[in-house]
Each structure stands twice: as C-alpha cells, then as structure tokens.
Novice: 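Below: one structure in structure tokens.
Residue numbers start from 1 in every chain, and the chains themselves are labelled A, B, ... in the order their sequence lines are given, proteins ahead of strands. Since we're looking at a predicted model, the values are computed, not measured.
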Amino acid sequence: MRHYASKAAFRTGLCAALCSTFLAIAVNAEQSADAPQTQADVLSIGGSVTEIVAALGQEHRLKARDTTSSYPPSVADLPDVGYMRALSPEGVLSIGPSLILTEEGAGPPEALDVIRAANIDLVEVPDALSVAGILRKIEIVGQTLGVPERAAGLMAEVEADLVAALTDAEHPEDGKRRVLFVLSTQGGKINASGTGTAADALIRMAGGVNAVSDYEGYKQITDEAVGLAAPDVILMMDRGGDHGVADDELFAMPAVRLTPAAQTRSIVRMDGLLMLGFGPRTAQAVQMLNDALYAKGT
Amino acid sequence: MSLIAEDIRVSYGKHAALRGVSLTALPGEVTAIVGPNGSGKSTLLGAITASLPYRGAVSLNGQDISGMKPWQLAAQRAVLPQASRLAFPFTVMEVVRLGLQSGTAGDRPEVPMQALARVGLAHYADRTFQELSGGEAQRVMLARVLAQVWAPVENGQPRWLLLDEPVSSLDIAHQLQVMDIARGFARAGGGVIAVMHDLNLTALYADRVALLATGKRMAFGQPQEVLTDEILSDAYGCALRVSAPPPAGIPFILPHAASA
Amino acid sequence: MTVVSDIAVAPRDRLNHARALHWVLAAALGLACLVNLQVGATDVTLSSVLAKLAQGETLSQIERVVLFDIRLPRLAMGILVGAALAVSGAAMQGLFRNPLADPGIVGVGAGAGLGAILAIVLGALLPVWMIDRAGNHLVPFAAFLGGWISTILLYRVSTRHGRTSVATMLLAGIALGALAGALSGILVYIADDRQLRDLTFWGLGSLAGASWAKVLSAAPLILLSIGTAVMLGRGLNGLALGEATAAHIGINVQRMKSVAILAVAGATGAAVAVSGGIGFIGIVVPHLLRLASGPDHRTLLLNSALLGATLLILADVIARVVIAPAELPIGIVTAVLGAPVFLWILLKRRGLVEL
C-alpha cells in the first residue's frame, strides 16, 4: 500500500548503508591480501621526505606514503594514507609500519598520540627553506634509516649541485627579474605568494625578485596590487592539461593583462613538488627557474 | 463562584483596545460578548484567559488569575481559540487527547472519544488533522476543549468554557449543535463565555449579553434588554431594527426557526 | 485522487508503534555498535578479540590500541554526537513549529564555528601557559565557548519582559550567522594555508580526534541535555497548537522554551565542539521518524536519539573504511547519504507531487 512505501524505503536505505559497509570491508580485505611481501616497514609523509628516502636508495623500505608524495613516480603504487594533517590512526596502524618519517606538522594530535601508544617510531623532519636546511633533512632521514654513509654521500652531492646552481644563478641587483608566484586563480581571484614561503625562497635562490613583498604567506591579492607589483614573469605550478588555453585565460584576466609578464607572455610552469618541496632536486629547480627567467639556453 | 473582570484596560502600543471594561459571568449561564469589529471582544477574552497583558483584575472562582500557574488555570477553564493551527500531522484523536494534559479528566481514557462523539466526529478519530475542513477542525478543537473540562462542576466549583467565535466557520446545522453543547454545559452548572458575531444565535442561546464598542462596554443584561434598535444601531453604526419582518419576497432563514 | 496521508502506520496504533520502535531502534543501535567495533582499516575484529579473551590469552599491543584507544572512544563519541544532534533537531523543530529547523537555529553552530576558527588561526597568540594547559583541547573548548556565547546572545535579543519570541530568534539567528561568517572570513584571510586546511577539515566534521578525554568531557553535558530534552515531549506536543493555546492547556510555555534552548545549546555545543560540523543528522532523523510513527514528541525525542546515534556510527564505519588507509570526513558521508534522503522526503510530501 502507498503509505508503507516510506517505511520500506527507509529500511532499504538502512540496508544499503550496511551493504556498502560490508562491500568496503570485502574490497579492503582483498587489497591487503594482494600486498607483496617485502621488507617494507616505513611510512613516509611529505613529498620531500619520500624523495629523500628514494634518493638514499631506500625506496624498497617504503610501505605507504601520503597524498603529497609524488616523486619518484613509482611511489604512486604505494597505499595513500591521505592528507598529513588529517591522518586516520587506524588507517596508519593498518599499514603496519615500524617507523614513520614525516615532515613537520602531521596531525591531528590525537592520532599521533595513538600511533605513539602503539609503539611506532615517529620521527619528524623539520621544514627547511635553505641549503643548510635541505642538508639537515637528508642527514636526519639517513640516520633514522640507518644509512648514514649514503646520507653523507647524498649530502655532499646535493650541496655541490646547490652551490653551483646558486652561483650560476647570481645576478646583479638592478637586472633582476620580478617574479609573481601564483598559487591559484580560482574564482577570478589571484592567490599569490608573499614572503616567507617556499616559492619566495626559490625565487630568490634563482636570482629573481619576488614581485610581492608586502605580506607573508599565500594570500589573495587585489587586482591593483598585481599591477603595482609589475611582475616580469609569472610562476605557477604545472597542473597538466592544455597549457595554451590556461595561458590565454590567465593573461586575459584584468589584473594580469597590463603587467609586463602579460605583454611578453612570460610564464613558467614547474612541477609543484620539484619547486616547493626543498628536497634533493632543489638544485635542478633553481637551475630550471633561472634558465627560464633569463632565457639562457633557449 | 463567578468569573469577574473589573476595569480591564489593554493597549497595543498607543492604541487603546479596551478602555476600562467590566464583566461578571455567572455559572449556569451562557454569557455572550458581542460588538462590531475592532470593539475589543477578543481582546477582552484574551485578558480573561491571561493570554495578553492587561491592567485591572480578573478573578476566577474567587481567585485572582494573575497569581495562578498555567496548569492551575487549565484545571478550571478551557479556551477555544478563534483559529486552529497545528504544526505537525497529528491525528484527530491525538489532538483531542492534548486537552487531557492538565484538565480534570486525565485519568479517564474514554473521555476523548466521548468528546468527539459529542461534536459528531467520532468516526474521524484516526484522520489526520490537516485533512479536515475549517469547520471540522473547529469542532475537533471544541472536542479538545470539552475533554479538558469534561465535568461542568468539579468539587462543587463550576468549570468554565471560554469560546472565541465558536461557530464562525460552521454551517447552520453545526452552529446549532455547538451552541446546544455550550448551553448544555451551562445548564449542568458550568459557566460559558462566548465571543459571538452572530446576533441571532446570541439572542437564541445567551442568558446574558455584553455589548462592546470602541473598547468600552455599551450595555449588559439579558438579550431583550441589550438587543434593541437604539443600542445596536448606535454600536454598529448602521440602522438596525430588531424583530422587524424582512421585505417580502426575499427568503430569510433564522436559527430560531430550526426544528430540533 | 484522494488526499494521501503521509503516515506510514495506521494511526490508531501510532503510539504503541512508536513505543515498540524504542526497542527496535535500541537493537539496531546495539547491532551498529558491533559492526563499528568489528570493522576497521586494520584487520583487528571484535570477534577475534573476544575469542582471545574467552580463551584467556593476552591481546597484542595493536589489538589493544585499535580496540580500546581508537574504536571504542570513537564509538562512544559517535553515539553521543549522533544522539545529541538528532534530539536537538527534533526539539528545535518542535519548538519553532517548523520541520525545517535544525539545531543550528539557536546560533550554536555559527558561534561554535567562529570559536573554532579563532582558536585555529589566533591560538598561537595566547599566552604560552594557556596553550600548554589546553593542549589538544584548545579548539574544542573554544568551539564550545563560542556556541554558548552565541546562544546566550540570541536568547537575550529575543526575550523581552520574560517572553521569548521564536520568530525574533529565527531572524536574529540569521543576523548572527552573517556576522559570524564575516568574522570568520577575516580570520580565513589572515590564516596561512595549514590553518586553512585545518579549518576546512574542522568544518567537514570528523570523529577522528576521538579520545577518552574528549568523550569524558563531553558525555556529562550531552547526556544531561538529552535527558532534559526527552522530558519535554508533552510540552512540545501542546506547543504544536500554537503558544497561546499551549498556555491554555496548562503548559508553562516560557519555561519550556528556556529549558529547550538550554538543552539544545548544551547538547549541540558539546557535540559540535568535539566533532566539528556534522550536518543532516539533526534535520533528517526526526523527519524519518515522523513519517514512520507520527509526530508525538513523547516518543519522537527518544527515538531520535537512538536513530541518530545508529546512523552516525554506521556513517563512521563507511568513513573509516571506504578509502582506507585514509579517512573520509564524516560530514561528507552524512551529506552524501542525507541529502538524497531529504530530497526524497520533500518529494513524497503532499502537494509537491502531481498524482
């Protein structure tokens, strides 16, 4: 009868919820059954930390990673524990690592407490926006993984590369090109980097000048302020897709249209982790940006 | 053991709705309050039921109502509002049962059904309130009110029915039915105060009539004393003739002429 | 076509049906608890743990941590929060005589959100000793305080000469919500992007931060508030006739309003403080129950508590398992499941569908 329809549908809805639960369990069980048996026992959180682990030749020890870990590409096959500041304690435990290497700022704190209570080592690698900082990251990761000699070797190599890239990138003050790092243009508003960010540090290391110096962090900047900043080059993360179309849209924005960057259609796109991760490949990032800014070798 | 209202004054902002009205209603009688629109009839009833702030004094069965708690008042008098609203889809029976909360018949589960039967809606007990017509809804509310003060006299004290336009959306047969209920309650010893629009029904059923106009009491007494040509014409602002035969050729139907 | 009643049960039986539903829902809650403890990202199950205990074996550390430090406090919090939100929704719908009311209507949600954002963005500005003492509890405490302050503010604005006007409360709530939104916007602007992500996740709601400390701090207030609300059943029934008539049948309307608002602020404030912004439970659960067994508040409030708790902990199972080892914020699950159900309810109601 009609008026029992709502009761039946209510029951159906409840059944659906229960069934999807059991389905998810089944899928999950299948996945863990397929996991290969290796010596993997490390959960790495943070793109640069994962990179360093791989650069130290310890990739085989990785059991899982977080969402920001995208290099080397092979880590994409590892299970993803999600966003580092919203970890699921049981999810982490289900990976079963004996060691967690993480960038600064993992959370929530209650999850970390539970993880520590389960006797899992949690080692935090402090953030770095300098050469010394990058080397320290490598040192800590190397020591924790028990490969200090490899770490020393990698540190020497990275230091040499960085020093060379920085020297090469030096540029007389008055000729420096002004760079505007744009994080996003969602909703027609420009979210740009001020001082104190990884983007700011990279720009300076590559011999450029951050077009914005009035504020710290990534903020929405007004259209007029973009005009005043007068960037020569716009720097963005590479999100894939059709660059041509994206460029056109960007340069058509009223804020950007009258800047020197738009007039010369000067835009540089680089991989996000490469640019902002401050890990072993930073020298490469400095060089790439420097080349792009001063059109060397193009 | 009467209901006595003395010198009631009510103002809405600057507008004085009641400017010193007094009224005494006796148990065993149907007391009607009549008057033109805006005369303050419903406002007076509002003061008597403690629904709005007023100056003056109202006493019910010898007690000043301003000192009484809602449940104490509810045990002695029931109020039928002018319009009935219901926010959720309760059934008719559930609505009538709401009257039992603080009323005097809470321990007698057969009362709601009897009340519904009294208003002729026993077969509607399981319908949803929102499905009813305006007149049916009003009769259900009357049943609720009856269920609240089922016994016209309790512990030697009269119970009171305070009705705000109880027959306004009813057809003539049901108007008579409801007024019969009201009169029956009074005859059994209870007190009834009813705000009325219909002067004919008032004449037929009221034992005493209070006529209000512009916030003051113009007349009070038995129907034949109050419902006169001059008093009515003065109050209503149009020439009215009482008991005058209507122009020939146009039909007229008076409740007085209805056969039982 | 005759007008169709949208009640699922023959009216004569409604009260008994609703009372029987207490037991059915309690059993469903029990079952949901078992499912919640049995299932998770790790392969620790309740049945295996019970078997071990029955045989006198000691549990491994991971079994102990998963069951007693992760799943049990989460279960307890899910029950408390689900019940609190559902009962608050039912009470507010009864008080405002509006089936679209949700617990946030008393201003708790806006205030709690603002409190949380203040703590997340400006928390570092507090003196060190305060941050130390508060520890992990800074954000929940700030949310709770914010919820209470905004409720008290709303109450004061809408109460004149000892009478609370629910219409004023509704409008003032909109104004307060707008103000809280603007202040939050300013804070969002000065937040750095870690804080922004924290804000976003807080807003989506999660039981991930459940700990025994949180459960024990929220439980007394939530249980007290739910208990108080459940006793308002008769009063809320009468209120459906309108405030004037409710007074005529003997209900102390002002006292009931104050008690209801306090109870909802307490329950919802504590719930939102410990779990962030979980939506839909407060609106959808009372509706489903009204369709199933009628609007009688004497049974509706208790049934809402039971069903709200059951649905939330089942949603939690889905949130924890569907993208394991990561976790979905539970607010997403309740919205994804709740919105279609809500739309379906609206479509089913008389007058919206041509027959």
Novice: So which residue, B:R85, B:M93, B:M141, B:K69, ends up with the most heavy-atom pairs under 4.5 Å with chain C?
Specialist: B:R85
Novice: If I measure from the heavy atoms of chain C, does B:L86 come under 4.5 Å with its side chain, its backbone, both, or neither?
Specialist: both
Novice: Go through the atoms of C:A247 and report whether side chain, backbone, both or neither lie under 4.5 Å from a heavy atom of chain B.
Specialist: backbone
Novice: In terms of heavy-atom pairs under 4.5 Å, which option from C:H161, C:R234, C:E243 contacts chain B the most?
Specialist: C:R234
Novice: Do you know which of C:G94, C:G238, C:A240 has the most heavy-atom pairs with chain B at a distance under 4.5 angstrom?
Specialist: C:A240
Novice: Checking side-chain polar atoms at under 3.5 Å, does B:S168 have a donor or acceptor matched by the opposite partner on B:H197?
Specialist: no
Novice: Kindly indicate whether the side chain of B:L98, heavy atoms from C-beta on, has any atom under 4.5 Å from the side chain of B:E94.
Specialist: no
Novice: Going by atom types alone, do B:T43 and B:Y54 pair a side-chain donor with an acceptor below 3.5 Å?
Specialist: no
Novice: Go through B:V192 and B:L163 one step at a time and tell me if the side-chain contact (heavy atoms from CB on, under 4.5 Å) criterion holds.
Specialist: CA-CA 8 Å; B:V192 176; B:L163 315 173; 4.1 Å; yes
Novice: Using a 4.5 Å cut-off on heavy atoms from C-beta on, say whether the side chain of B:I193 contacts that of B:I33.
Specialist: yes
Novice: Just so I understand: if I count every heavy-atom pair under 4.5 Å between each of C:I251, C:N98, C:L239, C:V253 and chain B, which residue has the most?
Specialist: C:I251
